[in-house]
Number of protein chains: 2
Amino acid sequence: MATRTPRNSLSSELIISKALELMEGRGLDSFSLRALAGELGVGPMAIYTYFRNKDDLYDAVRDHLMGLLPAVPAGAAWPDQVRAVCRGLRRLMLQHPCLAQLLASRPLSGHETARVAEGLLGVLHSAGFGREIAARTHTTLFTYVLGATSWEIQMATEQRDPEGLRRLRTTMESLSATEFPTVVDLAPELARTTGGDEQFDYGLDLLISGLRTAS
Amino acid sequence: MATRTPRNSLSSELIISKALELMEGRGLDSFSLRALAGELGVGPMAIYTYFRNKDDLYDAVRDHLMGLLPAVPAGAAWPDQVRAVCRGLRRLMLQHPCLAQLLASRPLSGHETARVAEGLLGVLHSAGFGREIAARTHTTLFTYVLGATSWEIQMATEQRDPEGLRRLRTTMESLSATEFPTVVDLAPELARTTGGDEQFDYGLDLLISGLRTAS
DNA sequence: ACCTGAACACCGTTCAAGT
DNA sequence: ACCTGAACACCGTTCAAGT
């Protein structure tokens, strides 16, 4: 029984926080404006006073989440600063799994990525890297974090669901050892490297190490 | 005027190829089973004879695309082989942009990723890398390709749309130079490193170079 | 400006039925 | 088995109207 919300008690902040709650609760795929409106105790069209359409709301939620990014630690060596920024973004994505999907599916308005960019670029540029190298490195690091963490979240989601876990095992066992000899041989190692801090840091350190020898 | 397709002329292969055509034509977001059925000249429920539901069809399309991955070049040094596999996956994603979205949004049954895994793992393992290092490196490389290429596709899509390009420019210009000094300063370099072969290879070589010094 | 209510043009999927 | 047709429970969004 949804009680009607009185007039003028709605706000874009309230809508965003309730939308975020629903996206994290039931998943981004099953999120709908009608369900959100119902949860807020208003008609579906009330939301259109604050957002032009559904995509506009998606962008607002994504911007809100990106605003939670921690600041770059000052006075540390650049490899540690790079690590801090990348880990911070990963942590944020893990805490808010819908952020990964929002970053992957929605085109970017640019403003919210500027926060990450400023952190990484600032560190790299003041560490002495050239303009183009700094830009290239930033894009490389950012896309690595995006890919690695999205993948990690997806694997974790699949493994949480008992049905998905069963499907994962059966397909893994059905792989023919002649067609996929190495995968079958290294299956236990592969299962252990689908995510986690260690796996993330391994790739991150590979990039940083490559960056060291290049400069 | 949709002519009715006669009985028994449907097949899962035909459905998959038509679905792929629609996904690439009008985009994955606006793809629907009803539209697909209309295009095939059958009722919406005819598809359910061959696929359990929409997600099942998504998986089938993704598997079909992953089957197009080129084989690993034999008899080359491992860095070149790694480069070949990663570039092959990127090329496939660029040729079929919906693949990026399919890999990012749908959980994996495991079988189709085995093709990439076998290529990368095989190369790394026979190059002398230990079991765990080979597994970790594979996941790192795979997620890098995924993130870098997804990002690249997204930026290209945004820039193709004139409305999106305008939005991108205005938000870039609206960034305050005091809040985002480095981003504003390096804006031209950033714009040039949002994608392309050079950018992809830069990150890939960073990883390979890091891998060299680690071993 | 802020919000409602009805309506439009869609969805994926179930179910019973036909061949 | 292969496919239809009606129906159910949803969608996002437009439009005219009310306060």
Side-chain angles (χ1 to χ4, degrees), chain A residues 1-23 25-62 98 101-102 105-107 161 163-164, chain B residues 1-23 25-62 98 101-102 105-107 161 163-164:
Chain A
M1 154 89 179
T3 47
R4 263 288 117 78
T5 304
R7 273 195 175 237
N8 285 327
S9 60
L10 220 55
S11 71
S12 47
E13 288 79 17
L14 192 75
I15 294 174
I16 288 173
S17 78
K18 202 72 185 178
L20 182 59
E21 192 183 303
L22 284 180
M23 288 176 188
R26 293 199 245 273
L28 188 67
D29 293 335
S30 60
F31 171 80
S32 78
L33 289 180
R34 292 182 109 106
L36 172 63
E39 204 73 23
L40 289 166
V42 295
M45 291 315 297
I47 293 163
Y48 284 78
T49 309
Y50 300 89
F51 301 95
R52 284 172 49 242
N53 49 34
K54 199 185 185 185
D55 282 340
D56 196 31
L57 175 59
Y58 277 144
D59 288 346
V61 171
R62 184 199 51 194
C98 61
Q101 284 187 67
L102 287 172
S105 62
R106 287 284 312 146
D161 169 38
E163 161 66 18
Chain B
M1 157 87 180
T3 49
R4 261 292 112 81
T5 303
R7 275 199 172 233
N8 284 328
S9 61
L10 220 53
S11 71
S12 46
E13 288 78 18
L14 192 76
I15 294 174
I16 288 174
S17 79
K18 201 72 182 177
L20 182 59
E21 192 182 303
L22 284 179
M23 288 176 188
R26 293 198 245 273
L28 188 67
D29 294 335
S30 60
F31 172 80
S32 77
L33 289 181
R34 292 181 110 106
L36 172 63
E39 205 72 24
L40 289 166
V42 296
M45 291 315 297
I47 294 163
Y48 284 78
T49 309
Y50 301 89
F51 301 96
R52 284 172 50 241
N53 51 33
K54 198 185 186 184
D55 283 341
D56 196 31
L57 176 58
Y58 278 144
D59 289 346
V61 171
R62 184 199 51 194
C98 61
Q101 283 186 68
L102 287 172
S105 61
R106 288 286 311 147
D161 170 38
E163 162 65 20

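Here the structure is a predicted model, which means the values were calculated and not measured. Convention: sequence-line order gives letters A, B, ...; per-chain numbering from 1.
For B:Ser32 against B:Ala35, the heavy-atom pair with the smallest separation is OG-N, 3.0 Å. Taking both residues in full, the closest heavy atoms of B:Phe31 and B:Lys54 are given as O-NZ, 3.3 Å, listed atom of the first, atom of the second, then distance.
Within the structure, salt bridge (Lys or Arg N to Asp or Glu O under 4.0 Å) pairs that include any residue of residues 36-49 of chain B do not occur (at least two apart or interchain).
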Trace of the side-chain contact (heavy atoms from CB on, under 4.5 Å) decision for B:Tyr58 with B:Gln101: CA-CA 10 Å; B:Tyr58 278 144; B:Gln101 283 186 68; over 6 Å; no
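Note: CG (A:Leu36) to P (C:dC3) measures 13 Å, nearest angstrom. Distance CG (B:Leu40) to C1' (D:dC2): 15 Å, rounded to an integer number of Å. Protein atom CD1 of B:Ile47 is 15 Å distant from nucleotide atom P of D:dG5, rounded to whole Å. Straight-line distance from the CG atom of B:Leu14 to the P atom of D:dC3: 11 Å, rounded to whole Å. One can place CG of A:Asp29 at 17 Å from P of D:dC10, the figure rounded to the nearest angstrom. Per the geometry, CG belonging to A:Leu10 stands 16 Å off C1' belonging to D:dT19, to the nearest Å.
For B:Arg106, the side chain to side chain donor-acceptor pair (under 3.5 Å) test picks out B:Asp55, B:Asp59, with sequence neighbours left out.
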Solution key, residues 11-21 of chain B side-chain donor-acceptor pairs under 3.5 Å, sequence neighbours excluded:
residue : atom : partner : partner atom : Å
B:Ser11 : OG   : B:Leu14 : N            : 3.1
B:Ser17 : OG   : B:Leu14 : O            : 3.2

Which atom pairs, one a donor and one an acceptor, fall under 3.5 Å between side chains of residues 42-52 of chain B and the rest of the protein, sequence neighbours left out?
residue : atom : partner : partner atom : Å
B:Thr49 : OG1  : B:Ala46 : O            : 3.2
B:Tyr50 : OH   : B:Leu10 : O            : 3.2

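Counting only Watson-Crick and G-U wobble pairs whose two key distances fall under 3.5 Å, DNA chain D forms stems of three or more stacked pairs at C:4-8 with D:12-16, C:12-16 with D:4-8.
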What pairs of nitrogen or oxygen atoms, one from the protein and one from nucleotides 12-14 of chain D, lie under 3.5 Å apart?
residue : atom : partner : partner atom : Å
D:dG12  : OP1  : A:Leu33 : N            : 3.0
D:dG12  : OP1  : A:Lys54 : NZ           : 3.0
D:dG12  : OP2  : A:Leu33 : N            : 3.2
D:dG12  : OP2  : A:Arg34 : N            : 3.3
D:dG12  : N7   : A:Arg34 : NH1          : 2.6
D:dG12  : O6   : A:Arg34 : NH1          : 2.9
D:dT13  : OP2  : A:Tyr48 : OH           : 2.8
D:dT13  : OP2  : A:Lys54 : N            : 2.9
D:dT13  : O5'  : A:Tyr48 : OH           : 3.3

